[in-house]
Structure formats: structure tokens, C-alpha cells
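A quick write-up on the structure given underneath.
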Amino acid sequence: MVNFIEAQKPLLSRLMKMAGLRPIEVELEPGTTMHVWAPKHHVGKKGTTISPLDPAGGGGKKPGGSKKRRSPESRPNVVLIHGFAAEGNVTWQFNFGVLVSRYNLYIPDLMFFGKSSTSSADRSPDFQAACVAGALARLGVARCDVVGFSYGGMVAFKLAEARPELVRSLCVSGSVVAMTDAVNRETMERLGAGSSAELLMPETLKGLKALLSISMYKKMWFPDRFYKDYLKVMFTSRKERMELLQGLLISTMDAKIPVFQQKIMLLWGEEDKIFDIELAKKMKEQLGDKCFLYGIRKAGHLLHVERPCAYNRQLQRWLAYVNSTAAGEEHASS
């Protein structure tokens with residue numbers, strides 16, 4: 001019997017290719033490969049695999065090429081980092097289309113999601129961030145704006161902290177800077193879940209329905225067949241993903257809010273039940289004057305799926321603001 005979720009993926013891949021994106025396997029080191037949807041100019045005669053021995057920028061660059069042709073890299077780079085329930089193209093399927101005409105778009109699959117894999121035992125968000133940075137370096141990306149959702153937001157914060165010269169700005173939704181024991185305990189108690197693994201890695205229809213129910217503001221009905229298909233396709237690599245959840249937790253005593261150099265937008269669903277808007281307000285105060293908060297009405301944790309038009313509109317405004325500010329700063333310094 002056809003799995004409807006699996007059957008959607010070829011269509012989604014086709015739409016992404018029509019938009020000018022291509023799937024690329026970036027080998028970061030032996031045993032570690034990151035799958036990235038990237039602009040098609042990265043794909044050349046060498047195919048869609050980039051190894052550590054390839055020059056930065058991949059197969060799409062041709063040394064000694066014509067200087068008259070405008071380089072695709074002249075457009076700003078935007079990186080979209082997915083959450084815990086699905087890989088990159090599935091997570092951002094309602095959002096990438098409004099960005100590809102103005103930006104060089106990069107959509108990585110984090111380790112143990114999609115086609116990305118590693119033999120490393122490191123399960124920390126720091127390692128995920130290092131892998132994203134490594135893949136972007138292999139693709140010749142020197143500066144970018146990063147958009148992160150949920151688990152991807154935590155990775156985005158780590159990336160911005162570790163690589164301020166790479167990350168120009170952040171836009172984060174439904175996430176925290178660090179998952180402390182205190183935040184995790186309060187969240188699980190409020191949601192009535194025994195653990196983050198129980199909540200985010202459901203094994204039954206009841207568990208998946210409960211996760212979807214708390215993730216969305218609107219109550220939506222789907223046939224049981226949909227849930228069964230989703231469980232089969234989206235919750236693979238269970239052992240490794242359980243370890244990723246464990247790798248998130250840090251002691252409340254050890255937690256410190258970094259001083260970020262970047263401008264940060266917290267784009268939030270006002271009805272988010274997992275990381276509520278009050279947590280976002282507190283985080284804004286902790287992050288300082290360079291941090292902004294915008295709430296989207298009638299939207300929950302999955303705001304980019306539930307209200308994609310509102311989310312896309314605010315994301316585009318943020319990216320336009322970041323680019324106009326950067327252009328003004330460059331003009332003032334020249």
C-alpha cells in the first residue's frame with residue numbers, strides 16, 4: 001500500500017528543483033555527510049557530491065571563468081534549519097518558495113535527519129552547528145542569515161555563538177538558547193509529558209495525535225492512515241535521535257546567556273504551547289537591545305506551517321531589514 005507521506009517527497013523534490021535548488025551530499029570528513037538543498041550553481045560536472053578534497057564552492061565554480069557574468073553568490077545567503085519532527089525540505093515546504101528569487105537558499109538536513117549521517121558519537125547541538133558550518137564552508141558560503149525552528153533554533157543559536165563571522169543575523173521560532181533542566185522540567189510538567197523523548201518521538205497514533213494537538217493552535221482532523229504513514233517515515237533513526245534529545249540538556253547552574261553580536265528576531269506563535277510567548281518575552285529581555293520579538297496571532301508552535309503567509313511575510317520583512325541595515329552600514333563606512 002502506498003505511503004502518502006513518502007509519496008509526497010518526490011513531488012516536493014521536483015518543486016524544489018523547479019525553484020532552482022539541488023540536493024547535494026557534502027562529505028565533511030570520513031563517516032560524516034550532510035545533505036543540503038542548495039542553489040543549482042553549486043552543481044557542475046562533478047555531480048552532486050562534494051568531498052573534503054574539492055575546492056570550496058563545489059562543482060559549480062569554474063576557475064578562470066568569465067568575470068562579466070554576474071555571480072549568483074552576489075545575492076544574500078539564507079540558511080533554513082529544521083526542527084525535530086522532519087527533515088529540511090518537509091519542514092520548509094511552505095516557505096522556501098517566497099525566498100528563492102531574492103536569496104541563495106541553503107536547507108541542510110541535520111545529522112540523523114533525511115540523508116545526513118555521521119559515525120561520530122557527538123550528539124550535542126554544538127556538533128550539529130559545526131556540521132552546518134562545515135557544509136556551508138564547503139559550498140563557499142562566507143556570510144549568511146540563519147533561520148531556525150525549534151530544535152533548529154537551538155542549533156542556530158550555537159552556530160551564531162561559535163561563528164559570528166559567518167552568521168550575520170538570526171530569526172528563531174519556538175526555541176530556546178539552551179535547554180536547561182529547569183526549562184525542560186517546567187515544559188514537560190505543563191504539557192503532561194514524562195520526558196521530551198516521550199513527547200517528540202511518539203511510537204503510537206495516540207502519541208502522534210497528542211504531539212500534533214499541542215503543536216498547533218487550530219484543531220485539525222486527519223485520518224488515522226495519515227498518522228500511521230507519518231510514523232513510518234518521519235521518526236527513523238530513533239536511537240540516535242533519542243541521544244540528540246539527551247545531548248540538548250544542560251544543568252541550569254551551568255547555563256549562561258551568550259552575548260550575541262548578531263541582530264536576532266524571535267518570530268513566535270502567540271499560542272505556542274511548547275515554548276510559550278512569555279518564555280519568548282523573557283528571552284528577549286535576556287538577549288538585549290539587538291533582539292526583537294514579533295508574535296503571530298492564532299498560531300501555535302508550528303506557525304510556519306499553520307500560518308505560512310503570515311510567517312513568510314514577517315520573515316521577508318526581517319531579511320529585508322537586515323539587508324538594508326547592512327547596506328547602510330557599508331555605505332557609512334566607505
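The first residue in the sequence is number 1, and the count goes up from there. Since the model is a prediction, treat every value here as computed from it, not as a measurement.
- Side-chain contact between Ser173 and Leu303 is present, with heavy atoms from C-beta onward closer than 4.5 Å.
- Evaluation of the salt bridge (Lys or Arg N to Asp or Glu O under 4.0 Å) rule for Asp276 yields no partner, not counting sequence neighbours.
- Note that OG of Ser175 and CG of Leu279 are 9.5 Å apart. Values are rounded to the nearest 0.5 Å.
- A salt bridge links Lys239 with Glu243: the distance from a Lys NZ or Arg NE/NH1/NH2 to an Asp or Glu carboxylate oxygen falls below 4.0 Å.
- Listed by first and then second residue, the ring-ring contact (aromatic ring centres under 6.0 Å, His included) pairs that reach into residues 14-34 come to none, sequence neighbours excluded.
- Checking Ser169 against Asp145 by side-chain atom types alone, a donor-acceptor pair falls below 3.5 Å.
- Gln128 places none of its side-chain heavy atoms less than 4.5 Å from the side chain of Lys158.
- When hydrophobic clusters are built by joining Ile, Leu, Val, Met, Phe, Trp and Tyr residues whose side-chain heavy atoms come closer than 4.5 Å, directly or via intermediates, Val155 is grouped together with Ile257.
- Between Lys263 and Thr325, the shortest heavy-atom distance links the atoms NZ-CG2, 3.7 Å.
- When all heavy atoms are compared, the tightest approach of Val90 to Lys9 is CG2-CE, 4.5 Å.
- Side-chain heavy atoms closer than 4.5 Å link hydrophobic residues (I, L, V, M, F, W, Y) into clusters, and following such links, possibly through other members, connects Tyr227 to Met220.
- Ser324 contributes a side-chain N or O that, together with a main-chain N or O of Ala320, makes up a donor-acceptor pair within less than 3.5 Å.
- Remark: side-chain polar atoms of Asn104 are not paired, donor with acceptor, to backbone N or O of Pro76 under 3.5 angstrom.
- Ile107 is not listed as a side-chain neighbour of Glu87, based on a closest heavy-atom distance of 4.5 Å or more.
- Glu270 places no side-chain N or O within 3.5 Å of a backbone atom of Lys298 that could act as its donor or acceptor partner.
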* Asked: Step by step, would you call Thr204 with Leu231 a side-chain contact (heavy atoms from CB on, under 4.5 Å)?
  -> CA-CA 8 Å; Thr204 64; Leu231 280 172; 5.7 Å; no

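- Hydrophobic clustering keeps Leu12 apart from Val2 (ILVMFWY residues linked when any side-chain heavy atoms are closer than 4.5 Å, directly or through intermediates).
- You'll find the ring centres of His301 and Phe149 inside the 6.0 Å limit.
- Each of Ile250 and Met179 belongs to its own hydrophobic cluster when Ile, Leu, Val, Met, Phe, Trp and Tyr are linked at side-chain heavy-atom distances under 4.5 angstrom.
- Side chains of Ser120 and Asp122: a donor-acceptor N/O pair is absent below 3.5 angstrom, by distance only.
- Taking the six-membered ring where tryptophan is involved, the planes of Phe292 and Tyr321 are perpendicular, since the angle between them exceeds 60° and thus also 30°.
- Distance check, rounded to the nearest 0.5 Å: NZ of Lys218 to OG of Ser213 gives 15.0 Å.
- Of all non-hydrogen atoms in Met111 and Leu244, the two that sit nearest each other are O-CD1, 3.8 Å.
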* Kindly determine whether Leu99 and Leu80 satisfy side-chain contact (heavy atoms from CB on, under 4.5 Å), including the steps that lead there. => CA-CA 11 Å; Leu99 300 173; Leu80 306 180; 4.2 Å; yes

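- The closest donor-acceptor contact from the side chain of Ser237 to the backbone of Glu240 lies at 3.5 Å or more, if one exists at all.
- Electrostatic pairing of Arg163 and Glu165 counts as a salt bridge here, judged by a charged N lying under 4.0 Å from a carboxylate O.
- Residues Gln8 and Gln93 are in side-chain contact: their nearest non-hydrogen atoms beyond the backbone lie under 4.5 Å apart.
- Here the CG atom belonging to Asn3 is positioned 6.5 Å from the NZ atom belonging to Lys232, to the nearest 0.5 angstrom.
- Rounding to the nearest 0.5 angstrom, the gap separating the CG atom in Leu302 from the CG atom in Leu212 is 7.0 Å.
- Sequence neighbours left out, not one pair with a member in residues 316-325 passes salt bridge (Lys or Arg N to Asp or Glu O under 4.0 Å).
- The two residues Ala86 and Tyr230 make their nearest non-hydrogen contact at CB-OH, 4.0 Å.
- Within 6.0 Å of CZ on Arg297 lie no more than 12 heavy atoms contributed by other residues, nucleotides or ligands.
- Leu249 is connected to Met283 through a chain of hydrophobic side-chain contacts under 4.5 Å among Ile, Leu, Val, Met, Phe, Trp and Tyr, so both are in one cluster.
- For the pair Thr252 (side chain) and Ala182 (backbone), a donor-acceptor distance under 3.5 Å is present.
- Residues Gln286 and Lys282 are in side-chain contact: their nearest non-hydrogen atoms beyond the backbone lie under 4.5 Å apart.
- Among residue pairs with one or both ends in residues 254-290, those qualifying as ring-ring contact (aromatic ring centres under 6.0 Å, His included) are Phe157-Phe260; sequence neighbours excluded.
- Of all heavy-atom pairs between Ser196 and Asn184, the closest is CB-OD1, 4.0 Å.
- In this structure the side chain of Leu245 reaches within 4.5 angstrom of the side chain of Met201, judged on heavy atoms.
- Listed by chain and residue number, Arg190 satisfy the side-chain hydrogen bond (donor to acceptor under 3.5 Å, both in side chains) test with Glu186 (two or more places apart in sequence, or in another chain).
- The shortest heavy-atom contact between Leu28 and Ala135 is CD2-N, 3.4 Å.
- Atom NZ of Lys228 has 12 or fewer heavy atoms from other residues, nucleotides or ligands within 6.0 Å.
- Screening Phe96, Trp92, Phe94 for a ring-ring contact (aromatic ring centres under 6.0 Å, His included) with His304, the sole residue that qualifies is Trp92.
- The ring-ring contact (aromatic ring centres under 6.0 Å, His included) contacts involving residues 171-224 comprise Phe222-Phe226, where partners must be two or more places apart or lie in separate chains.
- Judged by distance alone, with hydrogens and angles left aside, the side-chain atoms of Gln262 form a donor-acceptor pair with the main-chain N or O of Val167 at under 3.5 Å.
- Residue Tyr294 holds its OH atom at 8.5 Å from CG of Leu267, rounded to the nearest 0.5 Å.
- Within the 4.5 Å cutoff, no side-chain heavy atoms of Asp126 are placed close to those of Glu161.
- More than 12 heavy-atom neighbours from other residues, nucleotides or ligands sit within 6.0 angstrom of CG on Asp224.
- Using a 4.0 Å cut-off between charged nitrogen and carboxylate oxygen, Arg225 and Asp229 count as a salt-bridge pair.
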* To do: Check step by step if side-chain contact (heavy atoms from CB on, under 4.5 Å) holds for Leu266 and Cys291.
  => CA-CA 7 Å; Leu266 303 178; Cys291 183; 3.7 Å; yes

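- Two residues are said to be in side-chain contact when any heavy atoms from C-beta on lie closer than 4.5 Å; Asn95 and Tyr311 meet this criterion.
- Considering CG of Leu319 and SG of Cys171, their distance stands at 7.0 Å, rounded to 0.5 Å.
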* Asked: Between Met34 and Asp109, is a side-chain contact (heavy atoms from CB on, under 4.5 Å) present by the stated rule, with each step listed?
  -> CA-CA 7 Å; Met34 176 163 275; Asp109 288 341; 5.8 Å; no

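- Proximity of a side-chain donor or acceptor of Arg22 to a complementary backbone N or O of Lys17 within less than 3.5 Å is detected.
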